[in-house]
Engineer: 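Following this message is one structure expressed as structure tokens.
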Amino acid sequence: MIGMAKRCRAAFLPVLAGLIVLPAYADMEPMGEDDMSNVSGQYGGMSLSGDISFNKNGGPVHDGGTRIAAQLSEGGGWFVLDDIQGTFAFEGLTVRTRSVSAGDFNGAVIEIGMPDTARFDDFGYTIATSTAASPGGQQNEIFSVEMGGEVTLDGNMLVIPLD
Amino acid sequence: MRAFILISTCLFVSGGSLAFASMVSAADMEPMSDEEMSDVSGQGVGIVMEDFRFAHGHDSGAGKTFKLTGITNEAGEDVTVLVDNLYIGGAGSKFGNSLQTVNLGRLSNPFSMRLRDGDSIASSPKGKAVFELAAPSKEGGSATSDPMDLGFATTVQSGGKSQKLNIHAESAVVDGSYIRFWGSKPGESRQELRGQIQANFQTDRLSINACAQTGSSCGSRVAFNDFMMELTIGNEHQPVFFSVLGGSHPVEEQGQLRVEVRTISETPPDGYYTNDAYRSDITVGDVGIGGESLGAARMEGMLFQKLKTTTRSLD
């Protein structure tokens with residue numbers, strides 16, 4: 001019942017399109033079976049820095065940004081998140097697992113540490129409704145949001161599975 | 001335990017290109033047992049924000065932009081809303097001027113996103129899978145979350161004039177709020193997305209002012225002290241329908257958003273019109289305007305029997 005459509009298909013988040021791993025270290029030694037068996041990935045973590053750009057300079061087919069459309073009723077129009085574009089840049093975002101035993105909770109949680117700095121560059125989107133999933137229908141743009149510059153974003157996001 | 005894998009990542013998505021590079025070094029990890037693995041069911045996730053605060057505002061001098069556009073006034077002129085400050089922080093944040101941190105949700109009672117069985121939840125449709133976004137639930141009928149301060153300060157530029165409009169909530173909680181969605185069965189008369197909304201908002205003071213500054217020295221403040229809202233829209237007998245009107249509607253209505261609660265079509269169950277769970281309450285301990293107290297205001301036991309809102313383009 002909810003359909004999805006996207007403009008600029010080639011530009012719509014082809015995440016995981018490429019993966020290059022560079023283990024650029026010299027003098028490495030082979031790892032023993034015992035060492036290997038201790039590696040599980042459970043309490044590991046990582047720190048991420050980088051930026052994500054959506055159609056910053058327009059897409060290959062259209063000038064605008066990414067478009068996501070959802071049809072809420074059979075034969076009806078579409079609710080649209082349109083012209084998603086810009087860059088979100090961050091430094092020092094951390095991802096790790098943490099064991100918590102507090103009050104009536106006891107278990108492992110995924111901890112996403114908010115970045116030291118987070119910045120939007122020409123980031124924006126438009127909320128609209130339209131008669132068509134693709135651009136070209138009768139579209140009513142409700143409002144557009146534009147964001148730029150450094151944002152205050154502190155703390156940790158803890159994620160747990162629920163039954 | 002505090003092992004770290006350092007990965008420097010460069011993620012670049014534009015016009016269909018992506019590069020991802022990583023360097024890895026690791027230590028001191030522990031294996032995950034079968035029992036621990038079996039506890040993971042994947043039906044939903046709980047989210048807790050720890051020591052959290054967020055703020056962003058428009059400040060051209062500091063290279064910050066935050067604005068809402070695409071709105072027109074009655075004369076057809078463009079309206080720009082500059083968001084001077086949008087913040088979420090802990091209690092005592094002084095209208096965003098001294099932003100404190102806050103814990104939103106608890107691990108034993110988190111914010112959640114999950115798929116639930118309609119049979120197992122009261123006032124939700126039987127025999128349906130229900131997608132739910134929920135705030136922490138109330139415990140023993142009371143909100144127990146840590147209070148947060150949140151606010152939205154704006155400058156509205158319309159027709160060459162510019163006005164301030166600021167809304168601040170101090171020590172607010174949203175416990176017990178949720179939004180649930182479900183689909184229609186094949187053959188059902190309305191093939192539309194349906195849902196129910198429970199919007200709970202409790203705050204020590206909700207204030208609205210048009211002052212140039214966001215500080216507390218503003219005299220022309222409208223304040224709702226001890227504000228409590230529990231808004232219930234839609235239930236299993238009268239769901240809220242969400243739709244964007246399509247080709248079967250008149251041309252001027254096509255592409256418009258409609259949110260609708262239809263009159264009840266079935267014979268309602270006994271007690272439907274007296275059941276508090278289907279009713280909305282808004283109470284204010286004291287309404288104050290510019291420091292003058294106007295006393296308490298209460299609106300209780302409101303049931304939405306019919307609601308139909310449709311957007312209309314002014315272009």
Side-chain angles (χ1 to χ4, degrees), chain A residues 1 10-11 13-15 17-22 39-50 52-53 56 59-60 72-79 100 103-105 126 129-131 137-141 143-149 151-163, chain B residues 1 3-16 18-23 26 29-32 40-41 43-56 63-71 101 107-108 112 114 183 191-193 242-246 254-257 313:
Chain A
M1 182 148 134
L13 264 185
V15 177
L19 182 65
I20 306 163
V21 181
L22 301 171
V39 177
S40 74
Q42 183 180 7
Y43 294 116
M46 59 189 176
S47 171
L48 300 169
S49 296
I52 303 171
S53 297
K56 195 178 176 188
L72 307 181
S73 62
E74 187 179 40
W78 299 73
F79 185 79
V100 177
D104 44 3
F105 182 87
T126 296
T129 54
S130 175
T131 52
Q138 185 171 316
Q139 180 154 324
N140 302 298
E141 300 194 341
F143 64 85
S144 302
V145 177
E146 292 171 36
M147 291 177 89
V151 297
T152 302
L153 185 62
D154 293 333
N156 295 316
M157 182 162 94
L158 309 180
V159 182
I160 51 171
L162 295 176
D163 295 333
Chain B
M1 193 109 101
F4 256 78
I5 302 173
L6 281 173
I7 291 192
S8 79
T9 305
C10 164
L11 193 64
F12 179 62
V13 186
S14 181
L18 176 80
F20 190 92
S22 66
M23 286 190 290
M29 292 191 194
E30 288 179 27
M32 200 167 181
V40 179
S41 73
Q43 286 188 330
V45 291
I47 292 171
V48 172
M49 303 304 293
E50 179 188 45
D51 299 330
F52 176 75
R53 63 180 166 181
F54 169 84
H56 190 50
K64 293 182 179 182
T65 54
F66 192 0
K67 57 185 175 181
L68 310 180
T69 57
I71 307 164
T101 60
L107 288 167
S108 55
S112 63
R114 58 179 157 173
Q191 295 290 308
E192 281 178 33
L193 180 71
F242 300 90
S243 64
V244 178
L245 305 180
Q254 287 178 17
Q256 303 292 350
L257 179 70
S313 179

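Only a predicted model underlies this, so the values are computations on that prediction, with no experimental measurement involved.
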Engineer: List the atom of B:Glu192, the atom of A:Ser73, and the distance in Å for their closest heavy-atom pair.
Structural biologist: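 Nearest heavy atoms, B:Glu192 then A:Ser73: CG-CB, 3.1 Å.
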Engineer: Among B:Lys64, B:Gln256, B:Glu50, B:Met49, single out the residue with the greatest number of heavy-atom pairs under 4.5 Å to chain A.
Structural biologist: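 Top count of heavy-atom pairs under 4.5 Å with chain A: B:Glu50.
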Engineer: Give the member of B:Ala55, B:Gly63, B:Gly246, B:Ser112 that has the highest number of heavy-atom pairs under 4.5 Å with chain A.
Structural biologist: B:Ala55
Engineer: From the options A:Val159, A:Leu158, A:Val100, A:Ile160, select the one residue that forms a side-chain contact (heavy atoms from CB on, under 4.5 Å) with B:Val48.
Structural biologist: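 Exactly one pass, corresponding to A:Leu158.
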Engineer: Using heavy-atom distances under 4.5 Å, tell me whether B:Thr101 contacts chain A through its side chain, its backbone, both, or neither.
Structural biologist: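 Contact with chain A: none, neither part.
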Engineer: Side-chain contact, heavy-atom cut-off 4.5 Å: A:Trp78 with B:Val244?
Structural biologist: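 Sidechains of B:Val244 and A:Trp78: no contact.
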Engineer: Ignoring hydrogens and angles, tell me if any N or O in the side chain of A:Thr129 forms a donor-acceptor pair with the backbone of B:Gly255 under 3.5 Å.
Structural biologist: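 Yes, the answer is positive, given that a donor and an acceptor are paired below the 3.5 Å cut-off.
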Engineer: Based on non-hydrogen pairs under 4.5 Å, which of A:Val151, A:Val145, A:Thr131, A:Asp154 is most in contact with chain B?
Structural biologist: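 Of the options given, most contacts go to A:Asp154.
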Engineer: Taking B:Gln254's backbone N and O only, do any of them form a donor-acceptor pair with A:Gln138's side chain (distance below 3.5 Å, no angle check)?
Structural biologist: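 Yes; at least one donor-acceptor contact below 3.5 Å.
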Engineer: For the interface with chain A, which of B:Leu68, B:Asp51, B:Leu257, B:Leu107 has the highest count of heavy-atom pairs at distances below 4.5 Å?
Structural biologist: B:Leu107
Engineer: Could you grab the distance from atom CZ of B:Phe52 to atom CG of A:Leu153, nearest 0.5 Å is fine?
Structural biologist: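 Going from CZ on B:Phe52 over to CG on A:Leu153, the span is 6.0 Å.
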Engineer: Check whether B:Leu245 gets within reach of chain A through its side chain, its backbone, both or neither, counting any heavy atom under 4.5 Å.
Structural biologist: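 The backbone, not the side chain.
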Engineer: Which pair of non-hydrogen atoms, one from B:Phe242 and one from A:Leu72, has the smallest distance, and what is that distance?
Structural biologist: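 Nearest heavy atoms, B:Phe242 then A:Leu72: O-CB, 3.4 Å.
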Engineer: What part of B:Arg114 lies closer than 4.5 angstrom to a heavy atom of chain A: side chain, backbone, both or neither?
Structural biologist: side chain
